[in-house]
Amino acid sequence: LRGCPKHEFRHFPDRNRENRTVIARDSAAETLRRIMMFVRMFLSVRTAVNSGVFLRRLHQKPGETELLRQLRARLKATGPITVADYMREVLTNPAAGYYMHKDVFGTQGDFITSPEISQMFGELLGVWCVNEWMLGGSPKSMQVVELGPGRGTLAQDMLRVFQQFPMMQGVVSLHLVEVSPKMAAMQEERLTGAIKEDKGNSKASGEDVVYKRRRTTAGVPVCWYRDVQDVPHGFSCYIAHEFLDALPVHKFQRTPQGWREVLVDVDDGDGPHHLRFVLSQSPTPASRFIQAGEKRDHLEVCPQAGVLVQHLADRVAEHGGAALLADYGHDGTKTDTLRGFRNHQLHDVLQEPGSADLTADVDFSYLRHMCAVKDKVVTHGPITQREFLENMGIELRLQVLQQNADESQRKDLLSGYDMLTHPDKMGERFKFFSITQQREPNRGSRTPAEPAGFYRLEFKFFSITQQREPNRGSRTPAEPAGFYRLEFK
């Protein structure tokens, strides 16, 4: 009944539903007949004048976004650009970038992250930081540095854990690396309870790279930066959750002439979008990032991620601490993973740039290769999110939370646990990767050299009892229950 005006239903308020439906159906049929007559007449005229132009207009390309107009002007002036440059513009363009001016997380956004699903995720990462702090000798201060903090949910959950350890009071400071003003404001509101307007220009100057300084509701100092290199040096736990997948990637295709880079160019032809992918005519400067002996025919390389992990490795080696990187990715097995997401659905990468998130799976084999040249550090993983969370004791945490939860809360806890750990959901798709100092376990210690989460915790029991003899004729040993094997007859 799309062709039937709504007011035709209101002409007969005293008629029953059946009569109104018949009238609406008749009116719709008449409207459809007139439309078809007009279309046939219009087609006969237009196709006789210029059939080629008209047929192209039947398949009109999607509308142009503000960013698309900027890109078209740039491409026409300078020629094709790399996929990495395209991703950088789409995601972080100051005027029209996807991340720069809106909330992209949660059910109302385009995707949901693990911290938004369950508090257990952030709490276990907080425990991970506490463990690394203790293994590092419990220094007087620890910086928790989060790259791409989202809404601030993960940081909030970790800070709640730190408050449960009396020896950590006054030790922790929070440092957030965030380029989006919109997201920084959301993080500030969540962590401090309000958004405070800075006097004068809040942008970082050459003298002060911190563009925002606050204290959380619990009194923990928190600072915002635009680049991780601006964060002060010191013992730090670096957390990057779903950060690396948004860094720009270069795409390469193997051809009979060798590796050629995939580029983005204008498409004024019959293609479905205003932009298209093309191959470079010769090797590009980015081709040097391809490792010797590469077997895949299609490749995605993220040099920015390689530079980042080397920088983190240098900081960890010199000042102590550890880095934990969590993202969906692979260990050098996948090829073409670049894709877009909009309203929780797949979205064409070239369609309406700036309106959807662009992401590519992280190649952890490349990150491991980039860290291999660094002394005094070692990498761990990748392992699946399910393995990491189970090794950190998520089942035990789930049981504790359920004890004081009502029925609705129990369902939410179980649903979050299932989403985080189930192999067909986030459990296998997301991977954890860590960078730590080279270290040996203390003599006589059962604690492995690996960071928490990368090995299975084994609980040991110890008991103190009175000296005692079993009753005469009794088969019960003198040891307490649990320290001997029961034999049933």
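Numbering of residues begins at 1 and proceeds along the displayed sequence.
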Can you name the closest pair of heavy atoms from [X] and [Y] and give their distance?
{"X": "Ala95", "Y": "Glu66", "value": "CB-OE2, 4.1 Å"}
{"X": "Ala322", "Y": "Thr436", "value": "CB-CG2, 3.9 Å"}
{"X": "Ser355", "Y": "Arg342", "value": "OG-NH1, 3.4 Å"}
{"X": "Ser180", "Y": "Glu178", "value": "N-OE2, 3.0 Å"}
{"X": "Pro248", "Y": "Arg88", "value": "CG-NH2, 3.7 Å"}
{"X": "Pro353", "Y": "Val90", "value": "CB-CG2, 3.8 Å"}

[X] side chain to [Y] main-chain N or O, any donor-acceptor pair under 3.5 Å?
{"X": "Asp418", "Y": "Leu414", "value": "no"}
{"X": "Arg214", "Y": "Lys196", "value": "yes"}
{"X": "Asp265", "Y": "Arg276", "value": "no"}
{"X": "Gln169", "Y": "Phe165", "value": "yes"}
{"X": "Thr78", "Y": "Leu75", "value": "no"}
{"X": "Asp327", "Y": "Leu244", "value": "yes"}
{"X": "Gln409", "Y": "Asp406", "value": "yes"}
{"X": "Glu300", "Y": "Asp336", "value": "no"}
{"X": "Trp133", "Y": "Pro139", "value": "yes"}
{"X": "Thr82", "Y": "Leu263", "value": "no"}

Original post:
Does the side chain to side chain donor-acceptor pair (under 3.5 Å) test come out yes or no for Tyr99 and Asp357, once each step is laid out?
Top reply: CA-CA 8 Å; Tyr99 284 117; Asp357 182 34; 2.8 Å; yes
Does the pair [X]/[Y] count as a salt bridge with the N-to-O cut at 4.0 Å?
{"X": "Lys251", "Y": "Glu261", "result": "no"}
{"X": "Glu64", "Y": "Arg72", "result": "yes"}
{"X": "Arg254", "Y": "Glu294", "result": "no"}
{"X": "Asp314", "Y": "Lys374", "result": "yes"}
{"X": "Arg151", "Y": "Glu116", "result": "yes"}
{"X": "Arg429", "Y": "Asp424", "result": "no"}
{"X": "Asp348", "Y": "Arg339", "result": "no"}

Original post:
Using the benzene-type ring in the case of Trp, are the ring centres of Phe121 and His241 under 6.0 Å apart?
Top reply: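 Close enough - the centres of the two rings lie under 6.0 Å apart.
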Original post:
Do Tyr225 and His175 have ring centroids that are under 6.0 Å from one another?
Top reply: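 Close enough - the centres of the two rings lie under 6.0 Å apart.
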Original post:
Within 45° of the six-membered ring axis of Phe433 and under 6.0 Å from that ring's centre, is NZ or CZ of Arg368 located there?
Top reply: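 No - Arg368 does not lie over the ring of Phe433 by the 6.0 Å and 45° rule.
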Original post:
Quick check: are there more than 12 heavy atoms from other residues, nucleotides or ligands sitting under 6.0 Å from CE of Met419?
Top reply: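 Counting neighbours around CE of Met419, 12 or fewer heavy atoms of other residues, nucleotides or ligands fall under 6.0 Å, so no.
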Pairwise distance [atom1]([X]) to [atom2]([Y]) - rounded to 0.5 angstrom:
{"X": "Ser434", "Y": "His380", "atom1": "OG", "atom2": "NE2", "answer": "5.5 Å"}
{"X": "Leu324", "Y": "Ile435", "atom1": "CG", "atom2": "CD1", "answer": "10.0 Å"}
{"X": "Thr359", "Y": "Asp245", "atom1": "OG1", "atom2": "CG", "answer": "3.5 Å"}
{"X": "Asp363", "Y": "Lys334", "atom1": "CG", "atom2": "NZ", "answer": "11.0 Å"}
{"X": "Thr216", "Y": "Gln156", "atom1": "OG1", "atom2": "CD", "answer": "9.5 Å"}
{"X": "Ile394", "Y": "Asn391", "atom1": "CD1", "atom2": "CG", "answer": "11.5 Å"}

Original post:
Do the rings of Phe432 and Phe388 sit parallel, tilted or perpendicular, given the 30° and 60° boundaries?
Top reply: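 The rings of Phe432 and Phe388 lie parallel, inter-plane angle below 30°.
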Original post:
Is it true that the side chains of Asp331 and Ser365 contain a donor and an acceptor less than 3.5 Å apart?
Top reply: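 Not at all, the side chains of Asp331 and Ser365 share no donor-acceptor pair under 3.5 Å.
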Could you tell me whether the side chain of [Y] reaches within less than 4.5 Å of the side chain of [X], counting heavy atoms only?
{"X": "Leu308", "Y": "Leu147", "result": "yes"}
{"X": "His274", "Y": "Gln351", "result": "no"}
{"X": "Pro283", "Y": "Arg260", "result": "yes"}
{"X": "Phe252", "Y": "Thr284", "result": "yes"}

Original post:
Applying the salt bridge (charged side-chain N to carboxylate O under 4.0 Å, His left out) test to Glu188, which of Lys182, Arg215, Arg213, Lys212 qualifies?
Top reply: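 Exactly one candidate clears the test, Lys212.
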